[in-house]
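Read through the structure below, which is laid out as structure tokens, and then see the notes.
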Amino acid sequence: MPFGHDMVHSLATVVDLVNTSPATGGPDKLTNLRELDDFVERRQVSGVGELDTADLTKVRAVREAFHKVFTAPDQATAVIRLNTLLSGTRITPRLTEHDGHPLHVHYFAPGASIGEHLSADLGVALAHLLVEGEWERLRTCSAPDCDNVFVDESRNRSRVYCDSRTCGNRMHVAAYRARRRA
Ligand SMILES: [Zn+2]
Ligand SMILES: [Zn+2]
């Protein structure tokens with residue numbers, strides 16, 4: 001899967017955003033402006049000014065819309081859900097090479113709020129993924145107590161856990177113990 005730097009960055013950002021949702025099994029990790037600022041800094045979301053509670057509300061709504069794309073039961077449903085999200089988003093492609101990054105395209109409109117910014121850039125990244133026939137790579141963790149989403153970038157699409165060091169390792173240890181008891 002020859003994803004460029006932009007695509008990798010956008011996919012990691014949408015996964016991080018969705019996994020702050022309590023719908024993925026953990027506590028809500030986007031409940032106040034400090035947590036939103038942390039997210040912006042962690043994901044290096046560019047061109048974001050002062051954020052207010054309206055931004056927080058909007059980002060939380062965008063988060064749930066993206067979660068619905070990841071958990072769509074089939075590709076056709078994912079397409080409908082992503083189109084719904086994109087249809088409410090102003091999109092203006094623009095070439096940029098800010099902050100020392102190589103030339104790449106931003107999709108959020110000039111002056112976009114952070115909610116619009118995320119739905120435009122992350123929405124277009126997911127749209128490309130679907131166009132490439134890679135819908136199946138949008139996954140939810142198979143560990144019984146974890147519903148984190150992830151993008152399976154493995155060659156043979158074999159990844160089942162959100163994180164091999166945490167859920168993957170935990171499940172391997174559990175399987176090993178079960179085998180020893182058997
Ligand atoms: Zn950029
Ligand atoms: Zn997991």
Side-chain angles (χ1 to χ4, degrees), residues 2-30 36-49 51 55 59 62-64 66-72 86 89-129 136-154 156-178:
F3 284 165
H5 168 77
D6 276 13
M7 185 71 164
V8 169
H9 182 258
S10 291
L11 292 176
T13 301
V14 71
V15 163
D16 188 347
L17 176 65
V18 170
N19 286 339
T20 67
S21 170
T24 61
D28 192 333
K29 296 190 277 291
L30 209 55
L36 182 57
D37 282 334
D38 286 348
F39 173 79
V40 166
E41 197 167 323
R42 181 163 84 236
R43 301 318 318 180
Q44 298 181 302
V45 183
S46 63
V48 175
L51 299 172
D55 289 316
V59 170
V62 167
R63 171 180 80 175
E64 300 315 312
F66 277 124
H67 185 237
K68 288 198 167 65
V69 175
F70 272 84
T71 56
L86 290 170
T89 307
R90 294 180 297 150
I91 294 180
T92 306
R94 183 164 28 91
L95 287 154
T96 174
E97 45 189 350
H98 65 94
D99 297 323
H101 296 297
L103 196 62
H104 60 289
V105 182
H106 279 176
Y107 294 96
F108 57 93
S113 69
I114 182 173
E116 290 181 305
H117 177 144
L118 294 174
S119 48
D121 273 34
L122 308 183
V124 168
L126 289 183
H128 284 305
L129 193 85
E136 281 180 291
R137 293 187 187 275
L138 301 180
R139 300 264 173 87
T140 300
C141 185
S142 292
D145 53 351
C146 175
D147 291 317
N148 275 350
V149 300
F150 64 95
V151 177
D152 177 8
E153 294 179 43
S154 67
N156 54 1
R157 308 182 190 203
S158 58
R159 193 173 144 197
V160 294
Y161 301 117
C162 65
D163 187 323
S164 56
R165 287 161 304 171
T166 56
C167 286
N169 192 43
R170 202 155 44 79
M171 295 308 292
H172 286 132
V173 168
Y176 173 73
R177 292 209 177 114

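Both ligands and their constituent atoms are indexed starting at 1 by order of listing. Computed from a predicted model, the values in this text were never measured in an experiment. Quick note: numbers below take in every heavy atom, side chains included, and nothing from hydrogens, waters or symmetry partners. Position 1 is the first residue of the sequence; numbering continues from there.
Aromatic ring pairs are classed by plane angle as parallel below 30°, tilted from 30° to 60° and perpendicular above 60°; the pair Phe108 and His117 is parallel.
The distance cut-off of 2.8 Å around the Zn ion (ligand 2) captures these protein N, O or S atoms, sorted by chain and number: Cys141 SG, Cys146 SG, Cys162 SG, Cys167 SG.
The number of protein N/O/S atoms found under 2.8 Å from the Zn ion (ligand 1) is 3.
You'll find the side chain of Tyr161 stays beyond 4.5 Å of the side chain of Asn169, heavy atoms only. Proximity of His106 to Ser46: side-chain heavy atoms (C-beta onward) are separated by under 4.5 Å at one or more points.
The number of heavy atoms from other shown groups lying within 6.0 Å of NZ (Lys68) does not exceed 12. When the shell of 6.0 Å around CZ of Arg165 is examined, it contains 12 or fewer heavy atoms from other residues, nucleotides or ligands.
In summary, the aromatic rings of His9 and His101 are positioned with their centroids too far apart to meet the 6.0 Å limit.
Qualifying salt bridge (Lys or Arg N to Asp or Glu O under 4.0 Å) partners for Arg177, counting only residues two or more places apart in sequence or in other chains: none. Listed by chain and residue number, Arg170 satisfy the salt bridge (Lys or Arg N to Asp or Glu O under 4.0 Å) test with Asp145 (two or more places apart in sequence, or in another chain).
Nearest heavy-atom pair across Arg139 and Asp152 is NH1-OD2, 2.9 Å.
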